[in-house]
Amino acid sequence: MIPTLLITGLVAFAHVVQGHYTFVRIKADGEWKGPLQYIRNKTSPYDELKYYEANFLYRYYNWPTYIIDRPESVRCGRDNMKHAGTTEVLTLKAGETIEIAHQREEPSGWTDDMFYDCPDDRGTCFHKRGWKQDFNHPGPLLIHLSKAPDGQDIRTYDGSGEWVKIHTLGLTNPQYNQPLNWTLYRDEPEHITFKIPEQTPPGQYLMRMDLLWSGVQSEYIKIGEDGSLAQMYPSCAQLNIVSESKAALPNGVKIPDIFQPLEPGMTTTMDMMENKKLDENYTYPGGPLWDGDKVLVDKPVVLG
Ligand SMILES: *[C@@H]1O[C@H](CO)[C@@H](O)[C@H](O)[C@H]1NC(C)=O
Ligand SMILES: *[C@@H]1O[C@H](CO)[C@@H](O)[C@H](O)[C@H]1NC(C)=O
Ligand SMILES: *[C@@H]1O[C@H](CO)[C@@H](O)[C@H](O)[C@H]1NC(C)=O
């Protein structure tokens, strides 16, 4: 049961209309693909109300997704299955390094100069308004893969199977008694590049991309009472991974289950939320990390 006070808090958040984000672009084989090419689109505005009655009415494209939303919204973005069949499938080699880029403008405002001829070979930029494509929330970038069941076309797969985390980009040089420095929470975030593990078995996969802002708990705000829930910004690419690997994928996690408020990394102290200091034993959300070889508890390496 999610009480009314919490929902009121969410509504207050939701009024900050402008400039959240969605990952909308992939660079593979050294080339930026088109906006939303290979990435399932979302429906906007979209009504989560029917799923959870106390939820607020509608959300726009770049607005956050919460754990009280529909499971499909938490997995791959609002109404993504409606767009899956018309989304292309990107063939990639296991071991390939790719880059992704996000967009903060709502689709109705998209213009070519937000995607093409961007400085520094970025996949997105924001010439006109003088905005850089930064992130307006602190938190870790999380990349997960989920393999479609054998014989099932990825364009019909809803992500209800297991997900394996293959990349996290979190804190820069974390120290227990220093302010936090989130790697992507900067005026000019670095390029988001990562590798599809070489050991990934061949097959069709969803790749979930998210930069998650954890929820908060304090003396005054308790989990499940009145407080804030983590904000998620998921979107999913449809991949066909070509691979020589005979390895098996490790066991994964289920979504939305792993993003419940009591799961590791999903709720922090107020101090951590305000970037004042790192919580003891903080673990990045989204389950353990597979480095292609081992499955690791996904924690920042704290310098002291
Ligand atoms: C993606 O969805 C948005 C909002 O629903 C819509 O405005 C836009 O035209 C769609 N884009 C593509 C490429 O389908
Ligand atoms: C965060 O780390 C970056 C990269 O090392 C550095 O340039 C920046 O000054 C740091 N910010 C703070 C507030 O320490
Ligand atoms: C620390 O975090 C790990 C991973 O999330 C968890 O398994 C463990 O129980 C935590 N330890 C304590 C003392 O909270």
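For ligands, and for the atoms within them, numbers begin at 1 and follow the listed sequence. Note that the structure is a prediction, hence the values are computed from the model and not measured. One is the number of the first residue; the rest follow in order along the sequence.
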Closer than 4.0 Å: a protein non-hydrogen atom to atom 11 (N) of ligand 2 =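 True for atom 11 (N) of ligand 2.
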How close does the nearest protein non-hydrogen atom get to [atom], and which residue and atom is it?
atom                    : result
atom 5 (O) of ligand 2  : T172 CG2, 4.0 Å
atom 14 (O) of ligand 1 : N41 ND2, 3.1 Å
atom 7 (O) of ligand 1  : P107 CB, 3.7 Å

Pair K277 + E274, salt bridge at N-O below 4.0 Å
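No salt bridge links K277 with E274.
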Side chain, backbone, both or neither: which applies to H83 and ligand 1 if a contact is any heavy-atom pair less than 4.0 Å apart?
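The answer is neither.
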Worksheet item: Any N or O on S44 sitting closer than 3.5 Å to an N or O of ligand 1?
Response: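 By distance alone, the answer is yes.
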Is the distance between the ring centroids of Y233 and Y21 under 6.0 Å?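 Yes, the ring centres sit under 6.0 Å apart.
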Assert yes or no for the condition that the ring centre distance of H20 to H137 is strictly below 6.0 Å.
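Yes, they do, as the ring centres are separated by less than 6.0 Å.
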| Quick one: CD on Q260 to CG on L229, what's the gap to the nearest 0.5 Å? |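 Taking CD in Q260 and CG in L229, the distance rounds to 9.5 Å.
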Among T183, N181, N275, the residue with a heavy atom nearest to atom 13 (C) of ligand 2 is N181
query = Should the pair K42 and Y61 be classed as cation-pi, given the thresholds of under 6.0 Å to the six-membered ring centre and 45° from the axis?
reply = yes
Near K42 (heavy-atom distance under 4.0 Å), the atoms of ligand 1 are 2 (O), 4 (C), 5 (O)
Using 30° and 60° as the class boundaries, would you call the ring planes of H144 and W163 parallel, tilted or perpendicular? perpendicular
| said: When you compare ligand 2 with R186, is there at least one nitrogen or oxygen pair between them that comes in under 3.5 angstrom? | reply: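 Yes.
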* Asked: Side chains of T172 and T183: is there a donor and an acceptor less than 3.5 Å apart?
  -> yes
